[in-house]
Peer 1: 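Right, I'll just put the structure down here and ask away after.
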There are 2 protein chains.
Amino acid sequence: MNKTLLELSNELKKNNIRLTHQRLKVLEYLTNSIKHPTVEQIYNALKKEVPSLSKTTIYNTLNYLAELKLIKVLAIDDNEAHFDAVTAEHGHFKCDSCGQIYDFDIDMDSCKTEKLENFIINEKEVYFKGICPGCLSNINLN
Amino acid sequence: MNKTLLELSNELKKNNIRLTHQRLKVLEYLTNSIKHPTVEQIYNALKKEVPSLSKTTIYNTLNYLAELKLIKVLAIDDNEAHFDAVTAEHGHFKCDSCGQIYDFDIDMDSCKTEKLENFIINEKEVYFKGICPGCLSNINLN
DNA sequence: GTTCCTGCAAAAGCTTTGCAGAAGA
DNA sequence: TCTTCTGCAAAGCTTTTGCAGGAAC
């Protein structure tokens, strides 16, 4: 369940964060994307349409959204952060071969965990890594 | 179940990686530590005993161990990598208040997950974040 | 003696910060 | 008009790389 552009926009307005042209474009790209883009990818995708756009503004916008918990920052990649407009609980699988990140359903409440009785848990991240089916079939063909 | 210094040493020897004085000290520190240290922390802990030690050597050693899957690199912290000599499946909880990382038991096979039938999974990371009991009781006292 | 390692310095890469001019409300 | 934002340049950090001297075997 992706957050819509309208939802994000309204949340920002509520928090007195101005809806500039650049920010709307970043939000639009993020909410339409299923690929958990990086700042670099957002920048490359939008620079034709918004030539003046800077990475600073992208960071600025994403950091606001993350602070308001409207998006998630994924640390699944060693080099750079990926951003996800889907905040509902789900896991992420990163293919070590092609680098693509896939979503998968996971119900953390069904997991047997222990020793966390007196902890307050605000955030749960699940990262799996390996080889995706597409890369697997390519390997088998060779 | 921590890997022992002897186990790690033998594995390195098997892989033709020389057991220098510096590497043994890094291994020793890591296997005796339960706190998932960073490169900075290892460096600060060992520089009195091994004054010439450089961070380059610590990175070098840890990267070898990680490549051989003898230790795990934790991406639970946004700023820097933490290292864990325990490679058996378990989750990590990071306290947003004090920054400490706690281990907890988790049985991933008991989790309801879907959509990963044709994926090869080599690695599973589970990161929870929130407030630990120690910080909670401090907050309540104020 | 050969090979690999160490540690310094420099480079690389992602992210943040300072600030003057521009845009939003 | 007043406040906030943008985008450039520079700085900050962690991590990697190049390389000459040194240690391991």
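Residue numbers start from 1 in every chain, and the chains themselves are labelled A, B, ... in the order their sequence lines are given, proteins ahead of strands.
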Peer 1: Dump the intermediate steps for side chain to side chain contact (heavy atoms under 4.5 Å, CB included) on Val73(B) and Asp78(A), then the final yes or no.
Peer 2: CA-CA 10 Å; Val73(B) 184; Asp78(A) 290 342; 5.7 Å; no
Peer 1: The criterion is disulfide bond (SG atoms under 2.5 Å apart); which residues satisfy it with Cys95(A), sequence neighbours excluded?
Peer 2: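 Cys95(A) satisfies disulfide bond (SG atoms under 2.5 Å apart) with no other residue.
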Peer 1: Mapping Ala81(B) and Arg23(A) to their closest nucleotides on DNA chain D, which lands nearer the 5' end?
Peer 2: Arg23(A)
Peer 1: Where along residues 49-56 of chain A does a heavy atom come under 4.0 Å from DNA chain D, residue by residue in number order?
Peer 2: Ser52(A), Leu53(A), Ser54(A), Thr56(A)
Peer 1: Scan Gln22(B) against the nucleic acid and name what it touches under 4.0 Å (heavy atoms): base, sugar-phosphate only, or nothing.
Peer 2: sugar-phosphate
Peer 1: Lys25(A) NZ to dT6(D) P: how many Å, rounded?
Peer 2: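 Between P of dT6(D) and NZ of Lys25(A): 15 Å.
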Peer 1: Do you see a donor-acceptor pair shorter than 3.5 Å between the side chains of His90(B) and Asp105(B)?
Peer 2: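 Checked: His90(B)/Asp105(B) side chains show no N/O donor-acceptor pair below 3.5 Å.
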Peer 1: Phosphate oxygens OP1/OP2 of dT16(D): is one of them under 4.0 Å from a side-chain N or O of Tyr59(B)?
Peer 2: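 Indeed not, no polar side-chain atom of Tyr59(B) lies that close.
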Peer 1: Ring centroid separation for Phe128(B) and Tyr102(B), is it under 6.0 angstrom?
Peer 2: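 Between Tyr102(B) and Phe128(B), which both carry aromatic rings, the centre distance is not below 6.0 Å.
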Peer 1: Just the table, please: protein N/O against nucleotides 23-25 of chain D N/O, every pair under 3.5 Å.
Peer 2:
from	atom 1	to	atom 2	distance (Å)
dA24(D)	N3	Arg18(B)	NH1	3.4

Peer 1: Return the 5'-most residue of the pair Tyr43(B), Asn16(B) with respect to DNA chain C, ranking by each residue's nearest nucleotide.
Peer 2: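 By nearest-heavy-atom nucleotide position, the 5'-most residue is Asn16(B).
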Peer 1: For the pair made of CD in Glu80(A) and C1' in dT15(D), what is the distance, rounded to whole Å?
Peer 2: 15 Å
Peer 1: When you look at Glu11(A) and Leu68(A), which way does the side chain to side chain contact (heavy atoms under 4.5 Å, CB included) test go after all the steps?
Peer 2: CA-CA 9 Å; Glu11(A) 286 292 331; Leu68(A) 295 171; 5.7 Å; no
Peer 1: Using atom types as modelled and distance alone, determine if a side-chain donor or acceptor of Tyr127(A) lies under 3.5 Å from a backbone N or O of Ala75(A).
Peer 2: yes
Peer 1: Can you tell me how far C1' of dC5(D) sits from CG of Asn60(A), to the nearest Å?
Peer 2: 7 Å
Peer 1: Considering only residues two or more places apart or on different chains, which pairs with a residue in residues 16-63 of chain A satisfy ring pair (Phe, Tyr, Trp, His ring centres under 6.0 Å)?
Peer 2: His36(A)-His92(A)
Peer 1: Looking only at atom types and distance, does a side-chain atom of Ser110(B) sit under 3.5 Å from a main-chain N or O of Lys112(A), one as donor and one as acceptor?
Peer 2: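 Between the backbone of Lys112(A) and the side chain of Ser110(B) there is a qualifying donor-acceptor contact (under 3.5 Å).
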Peer 1: Quick one: do Glu125(B) and Lys129(A) make a salt bridge, cutoff under 4.0 Å?
Peer 2: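 No salt bridge links Glu125(B) with Lys129(A).
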Peer 1: Output yes when Glu40(A) and Lys55(A) qualify as a salt bridge under the 4.0 Å nitrogen-oxygen rule, no when they do not.
Peer 2: yes
Peer 1: Identify the 5'-most and 3'-most nucleotides of DNA chain C with at least one atom closer than 4.0 Å to a non-hydrogen atom of chain B.
Peer 2: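 Here the contact window of chain B covers dT3(C) to dA9(C).
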Peer 1: Taking the side chain from Gln41(A) and the backbone from Thr38(A), do they hold a donor-acceptor pair closer than 3.5 Å?
Peer 2: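 Side chain of Gln41(A) to backbone of Thr38(A), a donor-acceptor pair under 3.5 Å: yes, one is there.
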Peer 1: Take the C1' atoms of the five end pairs on each side of the helix from dG1(C)-dC25(D) to dA25(C)-dT1(D), get both axes, and report the angle to 10 degrees.
Peer 2: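 The angle separating the two end axes equals 40°.
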